[in-house]
Amino acid sequence: MKRGNATVSVLGWLSRLPLLDRLELAALSGWSRSAVYRAVDALERERMVEPVAHASELIAPTRRYTLTAAGVQLLAESEGIEAERLLRERPVSEQAQRLFLGRLDALAVLYRLCCAVADVAFPIQIRCYRALPVDLCLRLADGRTIALVRLGRITERRPLARRLALLRDGPAFAAVLLLAPEATRLREAARRLRSFPRPCFLALERDAVTAGLDSLIWRAPSAEVALSLREALGLAGPQDSWPTERPLVRVSPPADKRSAGRPPDWMVPACLVPSEKRALDLIADWPWIRADHLAALLGVSRTRLRQLLRRAGEFGLIVRPIIAGRLRLALSGRGLAFVARRDRASVGEMRKRWSAELIAREGDYDWRNVRGTRNRQLLRNLSHTEAVHGFLAMLAEQARASGWELMQIDPPQRASRYFRFDDQLRSIQPDAFGVLRRDGRDYPFFLEWERRAIRPSTMARRLAPYLRYYATRQPLEDHRVLPLVMVAFDDELAKDHFIRIAGEQMTRSAIELPLFVTSQHLLARRGPLEPIWGMPPSLNPGSNSYERAGRSDLQGLTARASPFAIRQ
């Protein structure tokens with residue numbers, strides 16, 4: 001059968017960029033949508049391509065396509081090369097397709113950005129990479145190359161630093177376009193890239209997916225002026241590196257992706273809907289979370305939560321042990337592999353830290369019997385872990401009822417902040433970090449749940465890292481506004497002592513913390529957005545830096561007012 005040019009073009013693009021959908025194929029190839037749709041339909045009927053259903057929080061439901069073994073053979077014949085060579089040189093082998101299927105959510109975002117670049121600078125060439133610090137590389141019509149980098153949601157500080165260092169020392173691109181999952185991570189990456197030797201532009205991935213060509217969403221690491229994608233590409237340098245990777249050692253023709261029963265690991269991203277993925281992300285962030293707390297964070301009923309977790313349970317992505325008389329949720333080894341592959345993290349490292357697998361199969365879910373080092377610590381301090389989950393669940397429910405948005409909640413491994421003080425690297429290690437939003441204004445906060453700080457010396461030691469942090473400009477660089485420090489105590493008396501000690505430490509150091517203190521009893525009775533918070537006396541009573549007294553009206557907030565009402 002004679003093949004049209006559009007058909008050959010579709011096969012060629014799918015051989016270089018696996019899992020494109022039809023709209024992306026049209027945007028990148030230059031063919032009309034109707035021509036691409038006809039070509040894909042014909043190839044699908046002849047089993048040359050195979051569809052994969054996909055949707056994520058940022059990408060609407062669509063059908064993506066991979067080449068079948070027959071499609072690889074057809075492309076090899078049309079290009080006059082050996083099929084074996086095609087399997088080695090392009091990501092069309094079964095092994096390569098499995099790897100990219102595991103990254104499907106990330107690839108979908110990057111492909112949408114590629115389409116936006118094609119609208120500005122058509123035609124473009126694209127390469128995708130398995131192991132280089134860049135995810136994709138685009139070659140513009142004038143020969144310049146643009147690197148695309150996406151930072152994963154679960155990426156921690158050290159892997160981020162290592163990847164950016166490899167990017168700095170690697171091939172010279174005309175520019176780097178970097179996508180971050182949220183604003184805090186974006187500013188951290190910008191700080192690390194200030195001395196980057198080539199043009200670099202950063203944006204939030206949700207903006208890169210939804211914004212238009214002239215939307216001002218891109219920023220250089222050390223500049224406050226926002227740029228459009230068109231402007232950012234205009235500032236790219238002359239470099240034209242076009243790196244290649246060593247081929248996979250073993251390659252085989254692609255196999256049929258359809259399977260009955262439990263899907264293989266690499267097909268999980270295509271089998272789950274966005275709400276199910278969101279639930280798994282929260283379980284990954286907060287291991288051993290109770291079902292009612294997870295339902296509150298998701299804003300769904302318990303019945304709906306059971307529906308969201310049904311397929312995750314059937315696929316073996318979660319474990320649901322009964323611990324301390326309550327059902328708890330954590331990711332299984334398979335679930336950890338799912339989130340690690342999506343964000344280009346090490347599966348082995350994830351399992352080493354977060355595995356919920358039992359050391360002794362016949363034993364109970366005791367902290368001594370859990371493999372993951374961090375999971376073990378969370379289980380050892382289960383009452384503290386549960387208290388933090390409970391606070392965030394109450395806050396999420398109350399925020400929805402009060403017209404606030406809980407935009408972001410980060411677990412301890414992403415809530416930590418590192419800074420320089422007296423020429424030493426210091427850190428704060430809160431139990432959580434969050435961002436509340438109302439009327440377009442963000443209110444970031446750190447959460448500390450205290451159980452052991454009952455002596456004055458211990459309380460002073462707990463405060464010391466925050467006093468050092470707020471003595472620098474780092475809080476403003478990290479968040480653009482001063483984040484609040486929320487401290488909750490199990491005991492009412494300890495709360496009162498802490499407020500007194502905090503006032504003394506602030507006076508001694510001449511550093512004023514935006515510190516809010518409450519107790520578990522008040523939280524359980526009224527909730528975090530009610531007037532239950534106490535504060536140390538202000539060092540500057542005339543200052544309007546943040547609310548000082550008894551205000552429960554959340555509508556009339558000043559520029560530094562807290563979303564949390566203050567108790568007299």
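Throughout, numbering of the chain's residues begins at 1 and tracks the sequence.
Nearest heavy atoms, Arg103 versus Tyr129: NH1-O, 3.1 Å. Residue Leu19 comes nearest to Tyr111 through the heavy atom pair O-CE1, 3.7 Å, listed as atom of the first residue, atom of the second, then distance. Residues Ala502 and Pro536 approach most closely at CB-CG, 3.8 Å, considering heavy atoms. Across every non-hydrogen atom of Asp105 and Lys277, the tightest pair is OD1-NZ, 2.8 Å. Here the closest heavy-atom approach between residue Trp533 and residue Pro528 is recorded as NE1-O, 2.8 Å. Closest of all the heavy-atom pairs between Cys200 and Leu193 is SG-CD1, 3.5 Å.
Distance alone, capped at 3.5 Å, is enough to place a donor-acceptor pair between the Ser509 side chain and the Gln505 backbone. For the pair Glu231 (side chain) and Ser228 (backbone), a donor-acceptor distance under 3.5 Å is present. When atom types are taken as modelled, the side chain of Thr472 and the backbone of Gln474 share a donor-acceptor pair closer than 3.5 angstrom. Judged by distance alone, the side chain of Arg353 and the main-chain N or O of Thr373 form no donor-acceptor pair under 3.5 Å.
Ion pairing between a basic and an acidic side chain is recognised when a charged N comes within 4.0 Å of a carboxylate O; Asp292 and Arg302 show no such pairing. For Arg451 and Asp491, the salt-bridge test fails: no basic side-chain N is under 4.0 Å from an acidic carboxylate O. Between Arg414 and Asp285, at least one side-chain N (NZ, or NE/NH1/NH2) sits under 4.0 Å from a carboxylate O, which counts as a salt bridge. Contact check on Lys495 versus Glu450 returns no salt bridge, with no Lys/Arg side-chain nitrogen under 4.0 Å from an Asp/Glu carboxylate oxygen. Under the 4.0 Å criterion applied to side-chain N and carboxylate O atoms, Arg230 and Asp214 are assigned as salt-bridge partners.
Contact check for Thr385 versus Arg380: no side-chain heavy atoms found under the 4.5 Å cut-off. Two residues are said to be in side-chain contact when any heavy atoms from C-beta on lie closer than 4.5 Å; Arg290 and Arg328 meet this criterion. A 4.5 Å side-chain heavy-atom check between Met506 and Leu467 finds at least one atom pair inside the cut-off. At a threshold of 4.5 Å between non-hydrogen side-chain atoms, the residues Arg417 and Thr184 count as touching.
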In sequence, state the C-alpha distance, the side-chain angles, and the governing distance for Arg311 and Glu314, and then conclude on salt bridge (charged side-chain N to carboxylate O under 4.0 Å, His left out). CA-CA 5 Å; Arg311 284 202 295 182; Glu314 292 173 354; over 6 Å; no

Before giving the answer on salt bridge (charged side-chain N to carboxylate O under 4.0 Å, His left out), spell out for Glu24 and Arg112 the whole-Å C-alpha distance, their side-chain angles and the decisive distance to 0.1 Å. CA-CA 7 Å; Glu24 292 159 356; Arg112 293 300 163 93; 2.7 Å; yes

Start with the C-alpha gap between Asp410 and Arg185, add the side-chain angles, then the distance that decides, and say whether salt bridge (charged side-chain N to carboxylate O under 4.0 Å, His left out) holds. CA-CA 11 Å; Asp410 287 343; Arg185 193 71 55 83; 5.7 Å; no

Run the side chain to side chain contact (heavy atoms under 4.5 Å, CB included) check on Phe433 and His479 step by step: do they pass? CA-CA 11 Å; Phe433 170 79; His479 311 99; 3.4 Å; yes

Assess whether side chain to side chain contact (heavy atoms under 4.5 Å, CB included) is satisfied between Tyr466 and Ile511, documenting all intermediate values. CA-CA 10 Å; Tyr466 287 96; Ile511 299 166; over 6 Å; no

Under the salt bridge (charged side-chain N to carboxylate O under 4.0 Å, His left out) rule, what do Glu405 and Arg438 come out as? Steps first, then yes or no, please. CA-CA 6 Å; Glu405 292 181 88; Arg438 186 164 187 166; over 6 Å; no

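For the residue pair Arg304 and Gln307, a side-chain donor N or O sits within less than 3.5 Å of a side-chain acceptor on the partner. Using modelled atom types, one finds no donor on one side chain facing an acceptor on the other under 3.5 Å when comparing Asp478 with Tyr418. No side-chain donor-acceptor contact under 3.5 Å links Trp218 and Asp207.
For His293 and Phe391, the ring centers are positioned 6.0 Å apart or more. In summary, the aromatic rings of Trp404 and Tyr443 are positioned with their centroids under 6.0 Å apart.
Rounding to the nearest 0.5 Å gives a distance of 5.0 Å between CG of Leu294 and CD1 of Ile289. Leu23 contributes atom CG, which lies 6.5 Å from atom OG1 of Thr62 (distance to the nearest 0.5 angstrom). To the nearest 0.5 Å, the span separating CD on Glu448 from CZ on Phe446 amounts to 9.5 Å. If you take CZ on Arg191 and CG on Leu186, they are separated by 11.0 Å, rounding to the nearest 0.5 Å.
Screening Arg163, Arg342, Arg150 against Asp135 for a salt bridge (Lys or Arg N to Asp or Glu O under 4.0 Å) leaves a single residue, Arg163.
For Arg473 and Phe419, the positive end is not near the middle of the six-membered ring at less than 6.0 Å and at most 45° from its axis.
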